[in-house]
Number of protein chains: 2
Amino acid sequence: MRKSVQTRLNILQKSFELIYVKGYQSTSIDDILSSMEVTKGAFFYHFKNKEEMGLALITDLLYPRMKHFLIEPLSSSADPIKSIYQMIANLLKDTEHFDVKYGCPAVNLIEEMSPLNTAFHKHLKDIVGEWTDAIEKCLLKGKENGKIGLMINPAEAAAYIVSGYAGVRNIGKMLGTPVYQSYLKQFKLYLNSLT
Amino acid sequence: MRKSVQTRLNILQKSFELIYVKGYQSTSIDDILSSMEVTKGAFFYHFKNKEEMGLALITDLLYPRMKHFLIEPLSSSADPIKSIYQMIANLLKDTEHFDVKYGCPAVNLIEEMSPLNTAFHKHLKDIVGEWTDAIEKCLLKGKENGKIGLMINPAEAAAYIVSGYAGVRNIGKMLGTPVYQSYLKQFKLYLNSLT
DNA sequence: CTCATAAGATACTAATTAGTATGTTTTCAA
DNA sequence: TTGAAAACATACTAATTAGTATCTTATGAG
């Protein structure tokens, strides 16, 4: 019962890699299997079909990463503007999990799968929702301790910030890292206007 | 030689519709054909393969629309902030060409095809590039006639604006039209900070 | 140890895919 | 009017797809 957990994880991780590059629909199960030492029998033992694997990908890999990289940095924040900027800047700097060319796995999945599959839609909506809420709460706390202007609407601002991130991951696919830099500079201007 | 031009256009338009909803890769040629009164012979008479059709889709449909809806409104602009805001607001209001659930056809194609196919990448890069340039020039003209602050970097701002639009189309797929409203309000705040 | 079940391997299937080969019809210039 | 090319139709193919049926092997509780 030990090894099997590992093979399941291996399948998920390899799938994650391939789907990140090629997209969910055009990454075939055979693609995944032939890229690693696992057979179809193992795959369909662990997942009843491709969709279940795709959803497991979201809950078992994407969600925990989201918590770690996008929620935690905000929860213990004294200065919302600094924290939020740093969170986004760190995301865009992270070349271990991301490649400009391929954008952001979560954003990609939203783009591709959200309109096509209600289960994907639900799972991804939860992720986006949690992130947006975390930003909103962070800004709200900022209003309380005077770091954020009283006329600022935290929910609106959070939606705007999340949108901006998703967008720069998209445009980055076309124009490369320079857009990241431009975006970050203007993003800082925007954030400062929230004081 | 008259009718054939129309069938070619019909194929492109129907393809555009289906690809907008399902994505390029998972819209099969058979899907397209069975959704209209055209046979495989006609399809492959007009396009040597699926890729050529996809690229024609960009140059013959997407590009002209981009010119009309995204470039023209800016070229004759006296007040950049007003024009740019109106352009984006009108885009997000347009329910004839767009559906929140399915986002923006161009953004979708970028997300899906840009990393996968160099020809798609090039075509889409041109579109994004032209739009960004148009916004940049509009802001530059604004600097000259005093509508835009002298310390503003038009190229940076343009990249930021385009990113924001792409992003809200993505997040809109998840959270629906309310994000459009939030986004527009904060976008206006940002634009006003450019004076 | 041992055997029931978990975990994985192998070989298939039916459907779908892009694309082709080859046919028929339509158009329009001479 | 006519005939050559343009425009389209039909019937195929080979590859790929998700998924299944049926095996074999590994594991760990008793």
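Chain letters run A, B, ... following the sequence lines, proteins first, then strands; residues in each count from 1. We use all heavy atoms of the structure for the numbers below, so side chains are in, but hydrogens, waters and symmetry mates are not.
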Does A:Glu112 use its side chain to pair, donor to acceptor, with the backbone of B:Gly23 at less than 3.5 Å? no

Find which nucleotide of DNA chain D each of A:Phe44 and B:Gly41 is nearest to by heavy atoms, and output the residue with the more 5' nucleotide. B:Gly41

same_hphob_cluster(A:Leu175, B:Tyr63) at 4.5 Å side-chain heavy-atom cutoff: yes

With a 4.5 Å cut-off on side-chain heavy-atom distances among I, L, V, M, F, W and Y, is there a chain of contacts connecting A:Leu189 to B:Tyr183? no

Rounding to a whole Å, what distance do you find between [X]:[atom1] and [N]:[atom2]?
{"X": "A:Met53", "N": "D:dT17", "atom1": "CE", "atom2": "P", "answer": "13 Å"}
{"X": "B:Glu52", "N": "C:dT20", "atom1": "CD", "atom2": "P", "answer": "12 Å"}
{"X": "B:Tyr45", "N": "C:dT26", "atom1": "OH", "atom2": "C1'", "answer": "11 Å"}
{"X": "A:Phe47", "N": "D:dT20", "atom1": "CZ", "atom2": "P", "answer": "16 Å"}
{"X": "A:Glu37", "N": "C:dA7", "atom1": "CD", "atom2": "C1'", "answer": "16 Å"}
{"X": "A:Leu33", "N": "D:dA18", "atom1": "CG", "atom2": "C1'", "answer": "11 Å"}
{"X": "A:Lys50", "N": "D:dT16", "atom1": "NZ", "atom2": "P", "answer": "15 Å"}
{"X": "B:Gln25", "N": "C:dT17", "atom1": "CD", "atom2": "C1'", "answer": "13 Å"}

Any idea which of C:dA18, C:dT17, D:dG19 is nearest the B:Asp31 side chain? C:dT17

Nucleotide nearest A:Thr39 (side chain, heavy atoms from C-beta), chosen from D:dT10, D:dT17, C:dG8: C:dG8

Looking at every non-hydrogen atom in both residues, tell me the closest pair between B:Ile19 and B:Met53 and how far apart they are. CD1-CE, 4.4 Å

Any N or O donor-acceptor pair linking the side chain of B:Lys40 to the base of C:dG19 at under 3.5 Å? yes

Checking A:Tyr180 against A:Arg169: is there a side-chain donor and acceptor pair closer than 3.5 Å? yes

Students often get this wrong, so: under 4.0 angstrom with heavy atoms, is B:Asp30 touching a base, only sugar-phosphate, or nothing? base

By the 4.0 Å heavy-atom rule, please label B:Ser28 as base, sugar-phosphate, or nothing. sugar-phosphate

Phosphate OP1/OP2 of C:dG8: any A:Thr7 side-chain N/O under 4.0 Å: yes

Taking 4.0 Å as the cut-off, does a side-chain nitrogen or oxygen of B:His46 come that near to OP1 or OP2 on D:dC8? yes

